[in-house]
Amino acid sequence: MILFALLLIPFTYLMLALLIKKAGIKKRLAILFSTLNLLWAMALVPIVQYREIIVVQMGGWSAPFGISLVADRFSVLMLLVTAFIFFLITVYATQSVDKARRKNGHFFFTFGILMGVNGSFMAGDLFNLYVWFEVMLMSSFILVSLGGERKQLEGSIKYLILNLISSLFFVAGIGLLYGKLGSLNLADLSQKMELARANLAVLNPALILIFVGFSIKGALFPFFFWLPASYHTPPPAVSALFAGLLTKVGIYSLIRFYTLFLYYDAGFWQQVVLWMGALSMVIGVIAASSQYDFRKILSFHIISQVGYVVIALGFFTEAALTAAIFFLVHNMLSKTNAFLVAGWVHREKGTLNLKVLGDMFKKSPVWGILFFISAFSLAGLPPLSGFFGKYLVLQSGIEAGYTGVAMLALFVGLFTLFSMVKIWLEVFWKKQPEDSAMEWPVNQKPAHWMLFSSLALGTAIVAMGLWAAPIAEYCQAAAQDLLNPSKYIEYVLGPS
Amino acid sequence: MNNIILEKIALLFLRGIALMSVFLLLRGHNSPGGGFIGAIVLAIGFIFYGIIFGSDRIERILYFNTRIWMGIGLGFVLLAAVWPVFLGHAPLTGLWYTGNWPLLGEIHLGTPLIFDTGIFIGVAGLILSVIITIMEVLKWNT
Amino acid sequence: MEYIIAIFIGLLYACGVYLVLRRSIVKVILGVFVLSNATNLIIFLSGGITRGGAAFIPEGAETVDPATISDPLPQALILTAIVISLGISAYILALKYRYFDVTGTHDLDQLKNTDQR
């Protein structure tokens, strides 16, 4: 029940939103339910410290046969950050998303995403992971196209078709894996693979298919094209939600998958993961530096930042996994906040093209500082969370003997700084070009709820930098659990 | 449309199909059938009816908006998921009631039936809302 | 029998990939449907094929020889996948319709506005 409630809360909201017609009530309910979700996720943290891995067997069917929900420290951390971000974005959306979209079910589908994301973080078997992915994707398909502007429809067709194909890869892989091993439960599969260690080559087609599926979802190097083509088209609140949660679910699954299955064949997969991570890092950041749209730069940076997590996964030591988890959390917070600031700029000026924007710092220094915090956290400047994330990744990389990749990460950080400084100068610092004064209805209403969300996220980023040590300790405990799959297996299947 | 034979047949067909779909729903636990199949069969009946009379008449029969039907379906599913929790079982556990009723004989009722009913209502609502929307776009509503 | 189905799956994949690579959006969508059906068949095949053995335990029987009945799990998985593809196909076709309404084209080459700077 402890874990099940995290699915139940969004589900109840979905039910109520269908039954209730008034948009105002739905909005209040959305804030209420996202608060509930946040409180529940916070309550999970002490429980997981005490019980280490929480397992719920649905319907009372024991593990390899039934559906199990599993949450270890890593999952709980992800659930907590998701709940935090989701709560703030819901508050933000009450002001930022226009009324027509809210009436057509904006909150309904965001809760669909929440349910899918929560489910994927807790899924104990592969097929359920697929189902939660679909729940999440189906809602995101609709959110991308909700509103029906031309640009949005274009972006959503690309997003939809490429993600559908990734799901097909994933399901085909699940089918082949089931045919070979006769199980879908993650713990059971891991155990069976350990027994079949001698001829793992038989499983490679299935594993590669699943790996490709996850990489498309996580926007890794050769498969990232859908992301920059679609993330800048929906309203800012939606793209913030996507940037914060969706690709991270793919990366979460990749980490889970790697630590449970792929490491049996580490010689091969480590190379693949390192190359893909390093290339996404470099190519994402180079592509970003040629863009002139606020959100597009940030979208390309998602790819590059995801690369950091993946190379840390490739190093595959305890310190590296700690770094990967820390970096993932930092990236979810900072990236979401950068998108939230983009949403405010869009609300004030009606465009996100860097060439016509300017003077935003004079307009509101608070928002300027908030962007400064999140952007320079992404670039990795010292007192902020990004610095510690990058520091941990680099340190673990050098310790693990991959100095070249670590140096590459350092170099990429320089480019990130360049892009962030570019946005900062163009949007906030320079004078607005005179000839580009456009007609945009100036919003008289103050954006205090939007500011509240962004302030809360900014505080979280600073706090994560200031109290990096306790968070890193928690991440280390999570990494130790990840590196020790026999513990996971024992908790899920029961002591053998 | 005022072809009386067609109208009567369409109504008869809808009733027959509705009965059939409930039959499929009820036999679903141990034999082929179940909520999803039943709902699809029911939707076929409504589509046939809608082709003849237009989508407005479907909405009149449904009484509630399809959105509300979907909500009711989700409500049933929620009930089946949460009920066992209050009795101290894992969520979604199947709880069964077996009894001897006059006229009906021995019957088994359980939370899976509630779950399946929820699926039935929800899926039927979903398909009908898709159909009604498409028919309205195609101006096929009278 | 497995071989025939395997070859058939291969054919379906070939058709699907061919359709996905076409320029018309409608054909791409059809291609995705074909691919998803081929994938469902893979899951079906992975459970092994048992002739004439439905996945039910007959009434009254306590146990049944696992070799004589087919594996019910892949069938359940396929049902789930079919339900998901039902929703997605309804949505993707509606999206295509709306896109055609707004732009009057179904040429994939016209879809490059979001990729430019």
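In this text the structure is predicted, and so the values were computed from the model without any measurement. Just so we're on the same page: letters track the sequence lines, and every chain starts at 1. The figures here come from the full heavy-atom set of this structure, side chains too, leaving out hydrogens, waters and symmetry mates.
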Below 4.5 Å from any heavy atom of chain C, which atoms of [X] appear? Answer side chain, backbone, both or neither.
X	answer
A/Leu168	both
A/Ile157	both
A/Leu184	side chain

May I ask you to name which of [options] has the most heavy-atom pairs under 4.5 Å with chain A?
options	result
C/Val32, C/Val102, C/Ile43, C/Ile88	C/Ile88
C/Ile78, C/Asp101, C/Ile42, C/Leu77	C/Leu77
C/Ile25, C/Thr103, C/Val20	C/Thr103

Side chains of [X] and [Y]: does their closest heavy-atom pair fall under 4.5 Å?
X	Y	value
A/Lys296	A/Tyr231	no
A/Lys217	A/Ser253	no
A/Phe108	A/Leu14	yes
A/Ser140	A/Phe242	yes

So with a 6.0 Å cut-off around [atom1] of [X], is the heavy-atom count from everything else above 12?
X	atom1	answer
C/Lys27	NZ	no
A/Lys180	NZ	no
A/Phe169	CZ	no

Most heavy-atom pairs under 4.5 Å with chain C, out of A/Ile142, A/Ile165, A/Leu137, A/Leu177, belong to A/Ile142

Check each atom of [X] against the heavy atoms of chain A and say whether the ones under 4.5 Å are side chain, backbone, both or neither.
X	answer
C/Tyr91	side chain
C/Asp71	side chain
C/Thr39	side chain
C/Phe33	neither

Mind checking whether A/Tyr130 and A/Phe127 have ring centres under 6.0 Å apart? yes

